[in-house]
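Only this structure's heavy atoms are used, side chains among them; waters, hydrogens and symmetry mates stay out. As the structure lists them, so they are numbered: ligands from 1, and atoms in each ligand from 1.
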Amino acid sequence: MSEATAAPGTAELDPFDAERVVGAEGLLGTFNAAGILSAADVHAALRIGRLTGATDELAVLGAAFAVRAPRFGHVFAAIRQLADTVVDEDGRVVELPAETWPDPDEWIAAVAGSPLVGADGPLHIEDDRLYLDRYWRNEQAVADAIVGRVGSGGSAVELSADGGRALDTLLSANVEQNAAAHAALRTGLSVIAGGPGTGKTSTVARMVGVALAHARVDGSPVRIAIGAFTGKAAARLGEAIRQAAEAIDPALAADGTVDVDGALAITPTTLHRLLGSMGSRTRFRHHAGNPLPFDLVIVDEVSMVSLSMLARLLEAMRPDATLVLVGDPDQLAAVEAGTVLGDIMAAADGTPLAEQVTTLQTNYRSDKGISTFAQLIRAGDVDGALAAMVRNPADPTAQAVSLVVPDRPGSWPHGTGTLAGVRGLLEPQVREAMRLGVSGDAEEALRTTMSAQVLCAHRRGVDGVTVWNAAVEGWAMDVPSYQRPEWYAGRPVMVSRNDYDLGVFNGDVGVAVETDGRLRVIIDGRDGAPIERRRLGSVQTVHAMTIHKSQGSEFDDVVVVLPTDPSPIVTRELLYTAVTRARRSVTVVATEDAVRRAISRPVTRASALPDRLRRALG
Ligand SMILES: Nc1ncnc2c1ncn2[C@@H]1O[C@H](COP(=O)(O)OP(=O)(O)OP(=O)(O)O)[C@@H](O)[C@H]1O
């Protein structure tokens with residue numbers, strides 16, 4: 001497993017670097033100076049050592065690596081693999097002389113024999129996997145809960161024969177969707193996996209409608225909750241479920257096949273709110289001692305859910321309540337440690353869990369060329385993906401997938417030469433949004449703004465969001481940057497803070513429109529009047545946004561900008577996520593090398609969840 005396979009670096013931190021711990025001695029000092037252990041890792045390890053009385057140098061070094069692991073998304077530090085895989089804070093592989101690394105057997109023995117591990121110790125070691133104890137507990141708890149829900153075991157939800165027939169009627173057009181819905185209402189845990197537009201949300205909406213009409217728990221109607229990781233995802237899911245529910249043949253609602261009104265009455269919420277957030281990321285009102293009242297809990301965008309969060313959710317569910325996990329395992333993983341959706345899918349291969357995992361394959365939404373391209377990325381087929389891209393087209397929207405190689409890679413995007421086509425795509429759209437913004441046509445301005453989007457891997461640098469925002473603004477306004485107003489009609493903005501009173505969430509996108517001589521903002525997916533811009537608090541211009549922020553959104557035409565220089569965050573999952581945001585066309589602005597590097601670099605995270613599940617179920 002590797003954290004990233006970037007170009008090797010031999011960097012040693014500057015002696016005055018803020019990450020350099022003055023007085024860190026021995027191996028801690030060496031790994032700190034090499035940029036592998038941060039100051040926080042070193043201080044935490046020294047503190048853990050003091051509190052437990054651990055004095056052995058290798059044991060304390062182990063504590064530092066255990067603390068470090070989750071920052072890179074790993075659930076534990078794999079001692080035997082560290083020397084070959086570890087990267088510095090910038091993601092570069094660090095070449096240390098082999099003798100710098102402790103002998104793995106001695107290292108494992110030192111940790112195992114120290115007061116760091118044991119009943120109340122802060123660390124846990126299993127083979128060569130060195131965990132912070134709470135991550136080990138989380139992994140164990142998730143594995144146990146999943147194992148308990150395999151087979152028909154666990155689920156108290158009973159679907160009547162009429163309900164089974166109702167699912168068949170509603171989902172007959174797609175065998176996988178039908179199988180997914182049946183599995184979800186038959187077992188205590190199921191996974192509905194699939195790329196964008198494969199009908200996950202419509203399947204959930206239909207399944208919920210049928211469950212409300214025909215499923216019982218102890219003779220009573222089922223109580224259902226729908227959760228998502230972010231507020232924005234929850235709001236979008238609500239809208240998508242409404243559309244899917246309204247698309248159901250009214251005759252089927254009238255004859256009681258499906259309870260459409262009941263489905264519409266369920267408002268999706270964030271997992272934090274569902275669990276009863278008490279202001280901390282780890283403590284919630286609902287837990288094993290005070291379980292959630294629901295019989296069926298459906299969680300969307302599970303790729304974003306961390307191991308800890310899934311552990312808290314499973315802990316808070318009654319053992320006989322049913323959990324349905326919905327998501328795309330190929331998307332970017334959670335910001336925090338763990339990759340639970342991918343892990344469960346991996347464990348299903350060849351175990352009874354496979355009965356409960358359904359992958360939806362048919363994409364009903366985006367252009368065939370885009371979904372084929374996304375599959376090539378997913379499969380790591382670099383040559384196939386490069387061959388599928390049309391080079392430097394004059395009109396990128398006329399192609400499903402194109403590659404624009406800038407004439408001067410790594411410099412300001414002037415919109416000339418090969419980039420003229422990209423400018424030709426974006427400039428008219430921005431000007432049109434401005435015209436509509438001035439005329440006060442909020443809906444059209446929003447639709448126009450949302451039709452094309454630049455997605456960057458980075459925020460900073462010439463290939464980043466800030467520069468691309470300025471470049472696109474420059475194309476649309478014939479004035480130098482210092483004369484451009486911050487606010488203007490047609491300015492697309494992204495909200496950067498949740499505001500539950502206003503009903504806007506971090507990541508929501510909107511556009512400024514002029515009404516009654518004032519600029520107000522209309523937010524995508526939010527009903528109600530435009531919002532006074534001052535009430536919105538923190539917003540950013542969003543001609544360009546990061547790929548991370550684009551998760552869960554879709555646009556007709558997407559321009560994906562990859563940095564020219566190698567970057568550890570540019571991975572296969574990042575490119576896949578960007579590409580799958582597009583419905584009509586994807587234009588990648590990058591060198592061939594950058595595309596090659598991205599597709600060749602899958603993210604791998606240290607996790608033993610698949611192993612645990614396979615051992616228990618195999
Ligand atoms: N079996 C089907 N036959 C025809 N159209 C379908 C079918 N299933 C879904 N669709 C349509 O495909 C589109 C995408 O469906 P949906 O939004 O449910 O997908 P999704 O997997 O949830 O996508 P995303 O993850 O991007 O939100 C919708 O317009 C939906 O009506």
Side-chain angles (χ1 to χ4, degrees), residues 166-184 190-210 226-250 252 258 260 263-264 266 268 298-305 324-333 341-342 345 357-368 370-371 373-375 378 450 453 455 507-509 524-525 547 549-556 558 573 576-584 586:
L167 284 181
D168 293 341
T169 306
L170 279 165
L171 293 160
S172 58
N174 183 312
V175 176
E176 293 152 356
Q177 292 176 355
N178 194 10
H182 276 280
S190 68
V191 174
I192 304 179
T198 50
K200 299 184 295 295
T201 311
S202 13
T203 305
V204 164
R206 287 169 162 74
M207 182 190 87
V208 165
V210 169
I226 303 180
F229 191 64
T230 62
K232 178 184 152 196
R236 273 186 203 293
L237 184 59
E239 174 60 18
I241 288 180
R242 190 181 61 73
Q243 281 177 10
E246 284 174 358
I248 295 173
D249 181 353
L252 296 175
V258 56
V260 171
L264 291 174
I266 300 172
I298 300 162
V299 182
D300 196 22
E301 300 264 13
V302 177
S303 54
M304 296 170 89
V305 176
V324 182
L325 301 174
V326 184
D328 181 354
D330 295 306
Q331 297 251 347
L332 285 167
L341 185 58
M345 305 276 300
V357 173
T358 315
T359 304
L360 309 182
Q361 310 272 7
T362 314
N363 184 330
Y364 292 98
R365 198 188 290 128
S366 56
D367 182 284
K368 184 87 173 67
I370 297 175
S371 36
F373 183 57
Q375 293 314 321
R378 215 172 71 128
M450 298 289 290
Q453 183 67 46
L455 304 179
D508 274 352
V509 170
D524 182 39
I547 298 169
K549 283 282 184 194
S550 76
Q551 274 176 284
S553 304
E554 286 201 349
F555 312 93
D556 292 336
V558 165
E573 289 75 9
Y576 173 87
T577 301
V579 163
T580 51
R581 300 308 93 213
R583 283 184 287 250
R584 182 172 64 169
V586 178

Visitor: How far is atom 22 (O) of ligand 1 from its nearest protein heavy atom, and which residue and atom is that?
Guide: T201 OG1, 2.5 Å

Visitor: Among all protein non-hydrogen atoms, which one is nearest to atom 20 (P) of ligand 1, and what is the separation to 0.1 Å?
Guide: K200 N, 3.4 Å

Visitor: Output yes when the distance from some N or O of ligand 1 to some N or O of G199 is under 3.5 Å, and no in every other case.
Guide: yes

Visitor: Using side chain to side chain contact (heavy atoms under 4.5 Å, CB included), reason through V299 and F229 one step at a time and then give a plain yes or no.
Guide: CA-CA 8 Å; V299 182; F229 191 64; over 6 Å; no

Visitor: Test L332 against Q551 for side chain to side chain contact (heavy atoms under 4.5 Å, CB included), laying out the working first.
Guide: CA-CA 8 Å; L332 285 167; Q551 274 176 284; 3.7 Å; yes

Visitor: Can you check atom 28 (C) of ligand 1: any protein non-hydrogen atom closer than 4.0 Å?
Guide: no

Visitor: Is the shortest heavy-atom distance from the side chain of D168 to the side chain of H182 under 4.5 Å?
Guide: yes

Visitor: Quick check against the 3.5 Å criterion: does S550 have a side-chain atom that pairs as donor or acceptor with the backbone of S553?
Guide: no

Visitor: Could you measure the distance from the NZ atom of K368 to the CZ atom of F373? Nearest 0.5 Å is fine.
Guide: 14.5 Å

Visitor: Mark up the atoms of ligand 1 that fall under 4.0 Å of a heavy atom belonging to E554, in ascending order.
Guide: 26 (O)

Visitor: Yes or no on side chain to side chain contact (heavy atoms under 4.5 Å, CB included) for R242 and L264, after CA distance, side-chain angles and deciding distance?
Guide: CA-CA 6 Å; R242 190 181 61 73; L264 291 174; 3.7 Å; yes

Visitor: Check ligand 1 against G195 and write out every atom of the ligand that is under 4.0 Å from a heavy-atom position of the residue.
Guide: 21 (O)

Visitor: How long is the gap from CE on M450 to CZ on F555, to the nearest 0.5 Å?
Guide: 5.0 Å

Visitor: Atom CD in E176, atom CG in L171: separation rounded to 0.5 Å?
Guide: 12.0 Å

Visitor: For ligand 1, which atoms, with element, lie under 4.0 Å from some heavy atom of S202?
Guide: 8 (N), 9 (C), 15 (O), 16 (P), 18 (O), 30 (C)

Visitor: Identify, for atom 11 (C) of ligand 1, the protein heavy atom at the shortest distance, and state residue, atom and that distance.
Guide: Y364 CB, 3.8 Å

Visitor: For atom 17 (O) of ligand 1, what is the closest protein heavy atom, and at what distance to 0.1 Å?
Guide: R365 NH2, 2.8 Å

Visitor: D300 side chain to L237 main-chain N or O, any donor-acceptor pair under 3.5 Å?
Guide: no

Visitor: I need the contact type for Q243 against ligand 1. Using non-hydrogen atoms and a strict under-4.0 Å cut-off, is it side chain, backbone, both or neither?
Guide: neither

Visitor: What atoms of ligand 1 come closer than 4.0 angstrom to any heavy atom of N174?
Guide: 1 (N)

Visitor: Would G197 count as a contact residue for ligand 1, given that I'm defining contact as a non-hydrogen atom of the residue lying under 4.0 Å from a ligand atom?
Guide: yes

Visitor: Nearest 0.5 Å, what's the NZ-OG1 distance between K200 and T359?
Guide: 10.5 Å

Visitor: Polar-atom distance check: T198 versus ligand 1, any N or O pair below 3.5 Å?
Guide: yes

Visitor: For the 3.5 Å polar cut-off, considering only N or O atoms, please tell me whether P196 and ligand 1 meet it.
Guide: no

Visitor: Of all the non-hydrogen atoms in the protein, which one sits nearest to atom 1 (N) of ligand 1, and at what distance?
Guide: Q177 OE1, 3.2 Å

